[in-house]
Visitor: 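Got a structure here, written out as structure tokens. Questions coming.
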Amino acid sequence: MDTEKSSSSSFEDLTNAEDTKDIRKVTAEAAAEETSAATTLVGDEGEEAERESECDILGNKQLIKRIIKKAPEEAKSPSRGELVTISFTGKLEDGKVVEEEKNFQCHVGDYEVVQGLDMVLPMLKVGEVAQVLVNPRFGYGTLGLKKDNDGDYIVPPNAHLTYEIELLDCKYEEFADLKTFEVIRKYGTRKKERANYFFKRLEYNTAIHLYRRALDYLDTRDGDPESEFDKEDLQLSNSETQAILDDRLIVYNNLAMTQIKISAFDAALKSVENVLRCQPNNPKALYRKGRILEGKNDTQGAIKLFQKVATLEPENRGAQQDLARLFIKARRDQHNEKEMYQKMLGQAKKMEQKTAARQKQPLVENSKLKLLGYLMGSILIGVAGVAIYRYKY
């Protein structure tokens with residue numbers, strides 16, 4: 001009996017041990033599954049959070065914004081034209097830093113930073129830190145960025161850039177903020193220099209936009225070319241007003257040149273007249289007006305202006321070359337016009353001879369032929385008169 005009890009007890013202990021092992025195994029497997037599920041859930045949530053923080057702005061992967069640090073809910077975003085303060089770092093794909101600015105101020109929409117960043121600025125909130133992936137199209141394009149005209153590349157052509165940017169502040173500037181000479185000249189000069197940068201890159205439309213933005217600060221006449229600066233309202237001294245005027249005329253001259261590049265001759269003429277109204281003998285303005293008149297097919301008017309420039313600046317080879325070229329063109333045009341008048345005169349004579357021959361026909365057609373003869377005679381006299389007047393006087 002005792003043996004049986006002992007055997008029974010041993011069997012139960014073995015069974016219990018095996019059950020315990022099974023339970024532990026099942027528990028371990030359940031725990032593993034739970035851990036795996038939790039890991040998957042966390043991974044899914046992380047991917048979803050990453051997707052929420054990433055914005056493909058254009059939908060073509062050429063400009064991507066990723067939030068690194070969120071801004072407070074009540075923080076505001078800047079609007080076009082507002083002044084923003086930003087800090088940013090730009091890197092190439094290999095991690096090399098090519099741009100870095102701290103507490104940099106610019107106006108939204110004025111291309112004072114690389115275009116990709118300028119497009120992202122209205123999407124940021126004050127206090128936000130973001131990563132911006134910029135395609136070459138919205139970076140430095142096929143030209144890249146050099147230290148100077150003949151220097152090494154800072155940013156090579158067709159380079160993809162990654163920026164980390166923080167929006168520190170944004171504000172709308174009231175007129176009271178723009179009443180000082182220092183602010184007006186600083187903003188005007190900054191936009192003029194940025195326009196010059198785009199002109200050199202042959203990006204003429206962007207340059208025109210920035211020259212006009214420079215004039216928003218340097219020219220306060222509200223479109224009236226005859227009016228003067230409101231010195232009392234702007235609180236400018238005579239010397240400060242003269243300095244602003246000099247800057248303004250430089251910008252108008254550059255604007256005219258840029259408009260000539262895109263054959264906007266009427267707009268260019270208005271721009272250059274703003275210079276000549278103040279400085280009638282400004283050689284650059286006279287030369288550019290000559291280019292404008294040439295573009296508008298006024299060869300004689302262009303020749304007069306180039307002659308004046310050559311007199312004011314005898315060493316100006318460009319004006320002399322253009323003058324020689326236009327003299328040749330004028331002679332060619334005169335020769336072609338003379339040939340045209342001669343052809344017209346010859347055709348008129350032939351028609352008169354035909355009319356005279358037809359007058360010998362029966363009297364029935366006499367009245368019609370007479371009328372036609374008078375008509376041809378009038379045309380002949382008119383053409384001959386124009387030709388004689390033009391080439392005699």
Side-chain angles (χ1 to χ4, degrees), residues 107 109-112 149 184-229 241-326 329-330:
H107 290 97
D110 278 355
Y111 306 104
E112 293 177 289
N149 290 337
I184 292 171
R185 199 173 192 195
K186 179 179 76 171
Y187 287 170
T189 301
R190 193 167 73 192
K191 299 194 188 299
K192 177 197 73 175
E193 290 175 352
R194 191 66 175 168
N196 292 345
Y197 161 79
F198 282 109
F199 180 87
K200 291 176 182 177
R201 293 175 67 87
L202 311 182
E203 298 180 40
Y204 298 126
N205 288 321
T206 304
I208 287 172
H209 166 77
L210 282 165
Y211 283 132
R212 292 194 183 281
R213 285 290 288 138
L215 292 170
D216 287 343
Y217 297 97
L218 299 173
D219 192 347
T220 61
R221 300 169 300 163
D222 294 327
D224 181 3
E226 301 297 338
S227 68
E228 299 292 334
F229 284 102
T241 300
Q242 184 61 48
I244 294 292
L245 175 63
D246 292 340
D247 288 347
R248 188 214 323 164
L249 298 184
I250 290 171
V251 172
Y252 270 123
N253 240 336
N254 291 354
L255 176 60
M257 188 68 237
T258 313
Q259 290 164 330
I260 290 170
K261 290 291 186 180
I262 63 170
S263 300
F265 297 119
D266 291 334
L269 188 59
K270 290 180 182 178
S271 298
V272 82
E273 288 294 355
N274 278 294
V275 181
L276 294 173
R277 196 174 284 109
C278 298
Q279 297 177 350
N281 290 324
N282 184 301
K284 284 186 178 180
L286 290 169
Y287 178 76
R288 284 163 189 175
K289 186 176 180 180
R291 292 277 306 276
I292 293 165
L293 294 184
E294 181 187 358
K296 292 168 72 70
N297 294 318
D298 183 359
T299 304
Q300 293 301 324
I303 286 174
K304 289 178 183 177
L305 288 168
F306 288 148
Q307 285 175 327
K308 190 170 183 179
V309 173
T311 302
L312 292 170
E313 294 184 337
E315 71 285 357
N316 190 327
R317 292 186 177 181
Q320 293 172 0
Q321 290 172 355
D322 285 335
L323 192 58
R325 177 175 53 80
L326 285 185
K329 183 178 183 296

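Everything numeric in this text was worked out from a predicted model, so none of it was measured.
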Visitor: Using the rule side-chain hydrogen bond (donor to acceptor under 3.5 Å, both in side chains), only one of N282, N316, D322 pairs with Y287; which is it?
Guide: D322
Visitor: Please report the interatomic distance CG(D247) to CG(D219), rounded to the nearest 0.5 Å.
Guide: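 Reported to 0.5 Å precision, the distance equals 12.0 Å.
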Visitor: Which distance, rounded to the nearest 0.5 Å, do you find between the OH of Y187 and the CG of L218?
Guide: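 The OH atom of Y187 sits 13.0 Å away from the CG atom of L218.
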Visitor: Evaluate the side chain to side chain contact (heavy atoms under 4.5 Å, CB included) criterion for residues K289 and E273: first the C-alpha distance (whole Å), next the side-chain angles of each, then the deciding distance (0.1 Å), finally the verdict.
Guide: CA-CA 8 Å; K289 186 176 180 180; E273 288 294 355; 2.9 Å; yes
Visitor: Give me the atom names and distance for the closest heavy-atom approach of I303 to L323.
Guide: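 So the minimum-distance heavy-atom pair works out to O-CD1, 3.5 Å.
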Visitor: Mind checking whether R288 and N254 have side chains closer than 4.5 Å, heavy atoms only?
Guide: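 They are in side-chain contact.
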Visitor: Rounded to the nearest 0.5 Å, what separates atom NZ in K304 from atom OG1 in T299?
Guide: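 K304 NZ to T299 OG1: 12.0 Å, rounded to 0.5 Å.
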Visitor: Less than 4.5 Å apart, side chain to side chain, heavy atoms only: is that true for T206 and H209?
Guide: no
Visitor: Just to verify, what does A195 make a side-chain contact (heavy atoms from CB on, under 4.5 Å) with, not counting sequence neighbours?
Guide: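 Result, side-chain contact (heavy atoms from CB on, under 4.5 Å) vs A195: L210, Y211.
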Visitor: Over all heavy atoms of both residues, which pair between F306 and R291 is shortest? Give the atoms and the distance, please.
Guide: CZ-N, 3.8 Å
Visitor: Which residues pass the side-chain contact (heavy atoms from CB on, under 4.5 Å) test with N281, sequence neighbours left out?
Guide: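 With neighbours one apart ignored, the set is K308, L312.
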Visitor: Do L245 and L249 have side chains that get closer than 4.5 Å, going by heavy atoms?
Guide: yes
Visitor: How long is the span from the CG atom in D246 to the CZ atom in R248, to the nearest 0.5 Å?
Guide: 9.5 Å
Visitor: Looking at every non-hydrogen atom in both residues, tell me the closest pair between I184 and Y217 and how far apart they are.
Guide: CG2-O, 3.0 Å
Visitor: Determine the minimum heavy-atom distance between S271 and L255, stating which atoms define it.
Guide: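 What the structure gives for the nearest pair is OG-CD2, 3.5 Å.
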Visitor: Hey, could you give me the OH/CD distance between Y252 and Q279, rounded to the nearest 0.5 Å?
Guide: 13.5 Å
Visitor: Is the shortest side-chain heavy-atom distance between R194 and D110 below 4.5 Å?
Guide: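 Answer no - side chains too far apart.
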Visitor: Would you mind reporting whether L202 and Y204 have side-chain heavy atoms less than 4.5 Å apart?
Guide: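 A side-chain contact exists here, since the closest heavy-atom pair is under 4.5 Å.
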Visitor: Would you call the rings of Y111 and F198 parallel, tilted or perpendicular, taking 30° and 60° as the class edges?
Guide: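 It falls in the perpendicular class, over 60°.
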Visitor: Between the main-chain N or O of H107 and the side-chain N or O of E112, is there a donor-acceptor pair closer than 3.5 Å?
Guide: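 Yes, E112 side chain to H107 backbone: donor-acceptor pair under 3.5 Å.
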Visitor: Give the minimum heavy-atom separation between A285 and L276, together with the two atoms involved.
Guide: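 Taking every non-hydrogen atom into account, CB-CD2, 3.5 Å.
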Visitor: How far does NZ of K296 sit from CG of L269, to the nearest 0.5 angstrom?
Guide: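 Rounded to the nearest 0.5 Å, the NZ-CG separation comes out at 6.5 Å.
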Visitor: Any idea which heavy atoms bring A214 and G188 closest together, and the distance?
Guide: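 In this case the closest contact between A214 and G188 is CB-O, 3.5 Å.
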